[in-house]
Amino acid sequence: MAPLTVEGLHQAFTAADTVVKAIDEVGFELREGEIYTLLGPSGCGKTSTLRAVAGLERPDGGRIVIDGTLVAGGPVFVPPNKRDIGMVFQSYGIWPHMTVFANAAFPLRVAKVPKKEIRRRVEEALAAVHLDGYEDRMSTQLSGGQQQRLALARALVRRPKLLLLDEPLSNLDAKLRAAMRAELAALQQEIGVTTLLVTHDQDEALSMSSRIAVMRAGRIVQEGTPREIYQRPASRFAADFVGTTNFLDGVRCDGKRVRTALGELDVPGAPAATAGDAVLLAVRPEALRLHQVRPEGVPNLVRGEIERSMFVGDSVECHVRVADVVWTARQDPELPVASGDEVWLELPAERISVIA
Ligand SMILES: Nc1ncnc2c1ncn2[C@@H]1O[C@H](COP(=O)(O)OP(=O)(O)O)[C@@H](O)[C@H]1O
Ligand SMILES: [Mg+2]
């Protein structure tokens, strides 16, 4: 049985006389123990979807099933406290006037769990997020990362079937955020709780998720593993939103070749492709191979001129003028390139995404 199934979800809001379709026919299903991520730009409906799953909002249409129990759909609407979920909000919602213990114990107190049982379960939850020993501290004495973990402990203290995380790392500074990605993903795996994560941060989504759903304007436009989403984007939007991409328009010659303004290029084989179809080619900056001398016998070469090269530490980012557009190529930082250099860009066929 799936920990969470969402089907045909709809939610519209009316603000200043205009109707916004915040959620427009959204459906997905979580697998046991995974981190499933809704990724998309601000305003695409991520939080609205999470709030509907949590029961903080009643959807206009669709069904939500948590571990086999219908919680929203038709006349059924189960309130948040009766759903088997734990949630961490963007702001954490930690109470500053309470100790760590009191914060984590709060959901159990509300649920009128006996005192002895509360102590046992709070200690267990704090140990799970590596905050044991901090019980008597005031929550304001914790660092940002520790507060984040306390919010997680509080969400887990009722041992929910499902953990909901809304932009859980966005309050932290850049360096801590990167460290907490690994820590949070490791904690989630240790605890084994199925997690629905919402973020607009592509690095966070790529590094933490089992699977990602890319959202745009209230809809899921692509679902896949981080690798599939990054390496095989299904649309210009997905390619553009997740990482940097170079685009090139073309027309199919056959299943393995595409004609472009820069010549015919080999692309990954697609036996079912129809000649004459318009396609969009997408190539990641790190997939391009930059040659300073034209190599012999190499297919898929495109001539360009270095417009600018920027040393960024672990790589050099080259802006290369190709015909009338500028491409980005990420290369080894030792590459001796300078503005004005004539270069040859090799597009390895297997690294080209063909978007219909
Ligand atoms: N309570 C509300 N009233 C009016 N509009 C809302 C409300 N909640 C969300 N919206 C609108 O719905 C859309 C989706 O919002 P949201 O789910 O918060 O997006 P995200 O979390 O992806 O940034 C936005 O256009 C937002 O302005
Ligand atoms: Mg949001």
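Indexing begins at 1, ligand by ligand and atom by atom, following the structure's order. Here the structure is a predicted model, which is why all the values come from computation and not from measurement.
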Flag: protein heavy atom within less than 4.0 Å of atom 27 (O) of ligand 1: no
Protein heavy atom at shortest distance from atom 18 (O) of ligand 1: Thr47 CB, 3.7 Å
Main-chain N/O of Thr225 paired to Glu228 side chain as donor or acceptor, under 3.5 Å: yes
pair Trp327-Leu248: side-chain heavy atoms closer than 4.5 Å: yes
Which residues share a ring pair (Phe, Tyr, Trp, His ring centres under 6.0 Å) with Phe89, sequence neighbours left out: none
Atom 8 (N) of ligand 1: nearest protein contact (heavy atom, Å): Phe13 CE1, 3.5 Å
Thr47 N/O/S atom closer than 2.8 Å to the Mg ion (ligand 2): yes
Minimum-distance protein heavy atom relative to atom 15 (O) of ligand 1: Ser48 OG, 3.8 Å
Closest candidate by heavy atom, reference atom 22 (O) of ligand 1, pool Lys46, Lys21, Glu57: Lys46
Closest approach of any protein heavy atom to atom 20 (P) of ligand 1, naming residue and atom: Gly43 N, 3.4 Å
Lys/Arg N to Asp/Glu carboxylate O, Arg219 vs Glu25, below 4.0 Å: no
Contact partition for Val20 relative to ligand 1, non-hydrogen atoms under 4.0 Å: side chain
Presence of salt bridge, Arg257 and Glu264, under 4.0 angstrom: yes
Atom 12 (O) of ligand 1: nearest protein contact (heavy atom, Å): Ala22 CB, 3.3 Å
Residues Ser48 and Gln11: side-chain donor-acceptor under 3.5 angstrom: no
Salt-bridge criterion met for Arg121 and Glu124 (N-O under 4.0 Å): no
